[in-house]
Structure formats: structure tokens, C-alpha cells
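Notes follow the structure.
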There are 2 protein chains.
Amino acid sequence: MDFIGVTGYRGWEWKGSLAIQMLEAGPEIIESLPQGETRIPRQNLHSEVLALLRAAIMENQFKPKERLNERLLCERFGISRTPLREAFKVLASEGLLTLLPNRGAVVTSLSIKDFEATLAVMAHLETMIGEQAAINSDAQTIATIRAWHHQMFAHFLRREMAPYFELNQKIHLSLAAATGNGVLVSLYTSLNTRILRYRYQANLQPERWQAAVEEHEDILSALILRDGSRLGILLRQHLLNKGAAIKAGLEGADQPV
Amino acid sequence: MDFIGVTGYRGWEWKGSLAIQMLEAGPEIIESLPQGETRIPRQNLHSEVLALLRAAIMENQFKPKERLNERLLCERFGISRTPLREAFKVLASEGLLTLLPNRGAVVTSLSIKDFEATLAVMAHLETMIGEQAAINSDAQTIATIRAWHHQMFAHFLRREMAPYFELNQKIHLSLAAATGNGVLVSLYTSLNTRILRYRYQANLQPERWQAAVEEHEDILSALILRDGSRLGILLRQHLLNKGAAIKAGLEGADQPV
DNA sequence: ATAATGAATTTTGAATGCAATATGAACGAA
DNA sequence: TTCGTTCATATTGCATTCAAAATTCATTAT
């Protein structure tokens with residue numbers, strides 16, 4: 001038990017809400033194992049290792065079709081196979097892993113068809129997010145998103161990819177959260193996680209980055225004007241453009257998307 | 001090991017696709033433990049008990065907020081706690097169970113807000129299903145749905161609730177499948193399962209049944225005419241009407257929807 | 001050299017065991 | 001009685017163990 005562990009928290013429900021975790025706690029939740037009084041609420045090994053594996057798959061630390069060896073992962077995390085296998089089952093139900101009976105777990109490899117199917121569903125969810133967020137978001141949320149937008153723009157100007165990307169994710173998740181529809185947030189996050197993996201390995205063109213920033217300008221203005229139908233259309237198109245760019249960026253590579 | 005068990009199958013992937021299970025294999029998969037040559041492909045204890053629990057929760061054998069005792073369920077299924085607990089984790093990620101750390105699993109109880117949030121997302125998915133199914137379904141699928149529709153109508157005339165309901169589900173799932181979008185099918189099935197629980201305990205009015213049948217007539221005709229936008233609108237409205245009826249049928253009852 | 005066979009090793013699936021936590025009853029004080 | 005305290009029991013979380021299956025690798029036959 002050298003990497004994760006630390007138990008001892010009460011009154012903490014877990015509903016499997018990956019989305020809320022991502023919103024409330026950034027990746028820093030993993031590194032900081034606080035020693036003092038104020039500890040971050042922790043759950044159990046299963047959900048900790050679940051979050052770690054989910055992040056690792058998303059960040060492409062495990063490649064598609066790669067087989068995950070239970071023993072090695074147990075050693076890496078310093079846990080036994082029981083919580084690891086529990087996490088495997090959940091990741092399989094989320095579509096990130098594929099379980100081969102008696103032959104272990106492999107990272108799910110999206111076919112082009114799967115990728116497009118996911119994109120098509122997400123396009124509808126984006127439309128819904130746009131329509132609902134424009135209606136339901138409060139002034140505070142809009143102000144926050146506006147601030148993030150400007151920070152993100154500054155990172156774009158300095159060509160700082162990682163922090164740009166992080167703010168970008170925050171903005172899209174906040175828009176989903178602004179709908180006030182928890183089910184929507186949860187589905188959106190889950191689908192987003194699946195396709196985000198491929199974003200990491202796609203070679204995106206500089207032009208696409210420029211275009212994305214411009215699209216974000218329009219998105220922000222539609223949000224401020226609370227023009228729901230326009231926001232929905234813009235978010236939908238933004239997603240479809242991103243999807244097309246990822247597909248193009250994977251052409252020629254040996255990835256199976 | 002008196003209830004489920006029976007291992008020994010190769011070359012069978014499991015992607016957690018609840019939807020495909022529901023379409024391909026009815027509930028009879030559970031009863032028939034074939035002895036002879038032609039066995040139904042089985043997976044592992046975890047996924048078998050997962051399907052059983054999911055069905056049990058959906059059929060309201062476990063009431064919302066009811067606590068599930070691991071030991072009792074293990075005895076009932078004749079298995080150990082390991083696969084049961086794996087199933088718990090997956091059911092929690094599907095939103096059917098809520099895990100209380102160190103205090104076990106309870107059946108998730110949807111608040112009115114959750115119910116409406118789920119309905120709102122499903123409404124969008126229904127629209128998408130209508131639009132896509134009208135385009136993508138082949139003649140064979142339409143013929144099958146048409147036949148099921150007429151069988152269903154016969155059950156309605158004889159007021160045979162259970163077989164009516166079963167065909168009704170088959171029709172809606174087939175429409176989703178007809179889109180050719182596996183992601184859509186999977187999400188639709190998952191959300192549908194959450195909602196369906198409450199349908200079992202709602203006291204639906206006879207008028208609603210009549211109205212639902214009439215809506216299905218329109219749905220079928222739009223499908224045959226391949227009028228996608230109309231089919232989408234009809235499916236969406238059909239769902240919203242059903243949701244309203246369920247909510248009305250739960251009023252006064254002590255359920256927390 | 002290649003393909004096929006079979007034993008040794010590794011890996012997975014599931015049951016069991018053990019420590020930590022929660023639950024509930026018995027008891028005593030206000 | 002009602003509330004709080006203590007202790008026994010039950011339940012959960014996780015590690016370990018055992019059995020079944022797959023994989024590897026050496027050996028043999030073609």
C-alpha cells in the first residue's frame with residue numbers, strides 16, 4: 001500500500017458521478033495526500049483506482065487494444081486484485097475497457113463507426129446543453145466561464161497547449177453543469193472521456209486551434225446574450241468540427257479510429 | 001452454487017452492453033440452464049448476477065431506498081461476495097444503486113428532479129431515434145416492428161398488460177437499434193431502465209393505455225412512411241406523455257419520485 | 001525447418017479469511 | 001421514560017488463497 005490508500009471517512013455517498021469529480025477536483029486530488037487535519041474526502045480503494053485508471057486511459061497512458069495485466073497494476077498501485085477488478089468492471093460498463101473472459105481486460109479500441117456514433121449522440125447532447133444552459137445558468141456561472149475564456153485565450157496566444165486544453169474542458173463541463181441536469185452532465189462527461197482519448201493522439205493542425213478559439217468567442221457571446229438556440233447550434237458545430245479534426249489528425253497513423 | 005454458475009465459454013467479448021443483451025436474449029436466458037450440447041453462451045458470475053440484479057431492481061423486487069444485504073443475496077444466488085460486489089459497483093455506475101461507504105448498497109431513489117432530468121435527456125434521444133431510424137431501418141426491421149405492433153394491439157384489446165408491455169419495450173428498443181448507432185442504443189437502454197422501475201409501481205389510468213396505443217399507431221405509420229422528423233416528434237411526445245402519466249400515477253403514493 | 005503435442009508457468013475467476021467499521025442491544029444516569 | 005455509554009454482533013472493505021483456464025515453451029514428429 002505505497003501509492004493509494006488512506007481510509008477513514010464517513011458520511012460520503014458515492015453515486016458513480018464521474019462528472020462531479022472532474023468538476024470539483026482537478027487532477028491534483030491524486031498527488032496531494034494531505035497529512036494534516038484538513039483531508040480531502042476519500043472513498044475507497046475501488047473508486048480511487050477507478051479514477052486513476054480512467055484518467056490514465058484518457059491520457060493515453062494505455063494505448064487502445066493494450067492488455068492490462070492485473071498483477072502489474074496491483075503492484076503499481078500497491079493494492080490487491082479485488083478493488084482493481086471491481087474498477088475493471090466499472091470501466092468496462094463505461095466503455096473504456098473490454099473484458100475478454102479468462103483473458104483479461106484490454107483498452108477499448110473505438111472503430112471509426114463507434115467514433116462517429118459517439119459523436120452523433122454528443123452532437124445532440126451539445127444542442128441540448130446550449131439550449132438549457134442559456135436558460136438556466138446564473139450570472140455567477142457566466143462570469144466564471146467568461147473569465148476562463150479570457151485566460152484560455154491568453155494561453156492560446158502563448159501557444160500553451162496543456163493549460164489551454166484544461167480550461168477548455170472546464171468551460172464545456174461548466175456549460176453542461178449550468179443546465180442543472182445532472183443526468184446530462186454525467187452522460188456528457190462519460191462520452192467525452194471516450195473520445196478525448198483520441199484527441200491526445202491526434203496531430204491537430206494549427207489552423208484548427210485558431211478556428212476553435214474563434215468558435216469559442218461565438219459560444220461565449222451567445223451565452224452572454226442567453227441565445228439558447230444559437231448556443232446549441234454553435235456548441236454542436238464546435239463538437240462536429242473537433243471530431244472531424246481528430247479524425248483527420250488520425251489518418252495515416254496506425255490507430256484504429 | 002445452486003442457482004447460477006456453469007462456466008466454460010470462449011471467444012465471447014463483454015463490453016457491458018446491456019442493451020444488446022436485452023434485445024437478443026429475453027428473460028428466458030436465466031431459467032434455461034442447458035445440459036446438452038447447445039449451450040447458450042455464458043460469461044462469468046459477475047455479469048450473470050449483474051443481469052439478475054438489474055432485472056430485479058427494474059421489476060421493483062427491491063424498492064427504492066431498500067438496503068441490499070450482501071450475505072443474503074450471496075445465499076440467494078449461491079455465489080460468494082466477490083462477484084456480487086463487482087456487480088454492485090457496476091450497478092452504482094449505472095445509477096441503479098447508491099453505495100454508502102462501509103454501510104452497503106441501497107437502491108437508488110430518484111427524486112422528482114432526477115426523474116425529470118432523465119426524462120428531458122431521453123426526450124432528446126427519442127427525437128434522435130426517430131430521425132435516424134426512419135432513415136436507416138431496413139424493410140425487414142419495419143416489417144418486424146409492424147408485426148409486433150399488431151400483436152401488441154391484440155393484447156391491448158384483451159387487456160393483457162404483461163405481454164403488451166413486453167412487446168412495447170421490444171418495439172422501442174428495436175427503433176433505437178434501427179438507428180444503427182450502438183452508443184445511442186446503450187444510453188437509451190440504460191436511462192430507460194432507470195425510469196421503468198417507476199412505471200411498475202405507478203397506477204396508470206386506463207385512458208393513458210388507450211392514448212398510448214393511439215400514439216403507437218401514429219408512430220408506426222410515420223416509420224412506414226419513413227418520415228423522420230415526424231417520427232422523432234411523435235416518439236418524443238410519446239415519452240413525455242408516458243412520463244407525465246407515471247408522475248401522476250405516483251402522486252399520493254409514498255414514493256419519492 | 002515447420003507444425004504439433006504436452007507439460008510448466010502465468011493469469012484469471014471466484015471463495016475464503018481477516019481487520020476495520022457500523023449496528024444494535026443492554027445497561028445505567030438524568 | 002429518555003438519553004447516552006458500552007460492549008457484543010453483524011457487515012463491509014480488502015487481502016489472500018485456491019481452482020480453472022490460458023499462455024508459454026520445450027520436445028517430438030513430420
Side-chain angles (χ1 to χ4, degrees), chain A residues 1-14 16 39 41-53 62 65-93 97-107, chain B residues 1-14 16 39 41-53 62 65-93 97-107:
Chain A
M1 195 155 326
D2 58 295
F3 187 47
I4 52 180
V6 185
T7 58
Y9 290 90
R10 291 292 87 65
W12 172 268
E13 292 193 4
W14 183 69
R39 292 186 181 178
R42 270 162 201 285
Q43 300 152 98
N44 39 44
L45 288 185
H46 139 263
S47 52
E48 288 186 43
V49 77
L50 177 59
L52 287 172
L53 283 174
F62 303 112
K65 298 205 173 162
E66 181 174 340
R67 182 163 164 186
L68 301 186
N69 183 299
E70 291 182 3
R71 188 179 49 79
L72 293 178
L73 285 172
C74 286
E75 286 169 9
R76 168 169 163 185
F77 293 135
I79 60 173
S80 77
R81 286 172 57 218
T82 306
L84 182 79
R85 288 169 58 81
E86 287 169 355
F88 274 13
K89 303 295 187 289
V90 174
L91 290 167
S93 92
L97 292 185
T98 301
L99 302 181
L100 311 168
N102 292 315
R103 300 198 293 122
V106 298
V107 178
Chain B
M1 195 157 326
D2 57 296
F3 187 47
I4 51 179
V6 184
T7 58
Y9 290 90
R10 291 292 87 65
W12 171 267
E13 291 193 7
W14 183 69
R39 292 183 180 180
R42 269 162 200 287
Q43 299 152 95
N44 40 42
L45 288 185
H46 139 263
S47 53
E48 289 187 41
V49 77
L50 177 59
L52 287 171
L53 284 174
F62 303 112
K65 298 204 173 164
E66 181 174 339
R67 183 162 163 188
L68 300 186
N69 182 299
E70 290 182 4
R71 188 180 50 79
L72 292 178
L73 284 172
C74 286
E75 287 169 8
R76 169 169 161 184
F77 293 136
I79 60 173
S80 77
R81 286 172 56 219
T82 305
L84 183 78
R85 288 170 57 81
E86 288 169 355
F88 275 12
K89 303 294 187 291
V90 174
L91 289 167
S93 92
L97 292 184
T98 301
L99 302 181
L100 311 169
N102 292 316
R103 300 197 293 121
V106 298
V107 178

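Letters A, B, ... are given to chains in the order of the sequence lines, protein chains preceding strands, and every chain is numbered from 1.
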Rounded to whole Å, CG of B:L73 lies from C1' of D:dT11 at a distance of 13 Å

Heavy-atom donor-acceptor pair, B:S80 side-chain to C:dA14 base, under 3.5 Å = no

Here the distance between atom P of C:dA15 and atom CG of B:L84, to the nearest Å, is 10 Å

The residue among B:L73, B:V49, B:L50 that forms side-chain contact (heavy atoms from CB on, under 4.5 Å) with B:F88 is B:L73

To the nearest angstrom, the CG-P distance between A:L45 and C:dA20 comes to 14 Å

To the nearest 0.5 Å, atom CG of A:L45 lies from atom CZ of A:F77 at 11.0 Å

Separation of D:dT12 atom P from A:H46 atom NE2, nearest Å, is 16 Å

So OG1 of A:T82 and CZ of B:R81: to nearest 0.5 Å the spacing works out to 10.0 Å

Rounded to whole Å, CD of A:E75 lies from P of D:dT16 at a distance of 12 Å

Across all chains, not counting sequence neighbours, the side chain to side chain contact (heavy atoms under 4.5 Å, CB included) partners of A:R67 are A:V106

Taken to the nearest whole Å, CZ/A:F88 to C1'/C:dA14 is 16 Å

Could you go over nucleotides 10-12 of chain C and give all protein N or O partners under 3.5 Å, atom names and distances?
unit_1, atom_1, unit_2, atom_2, d
C:dT11, OP1, A:N69, ND2, 3.2
C:dT11, OP2, A:R71, NE, 3.1
C:dT11, OP2, A:R71, NH2, 3.3

Report task. Check the pair B:I79 / B:E48 against side-chain contact (heavy atoms from CB on, under 4.5 Å), numbers first and verdict last. Result -> CA-CA 11 Å; B:I79 60 173; B:E48 289 187 41; over 6 Å; no

Review point. Taking the side chain as C-beta and beyond, is there a heavy-atom pair between A:E86 and B:K89 under 4.5 Å?
Key: yes

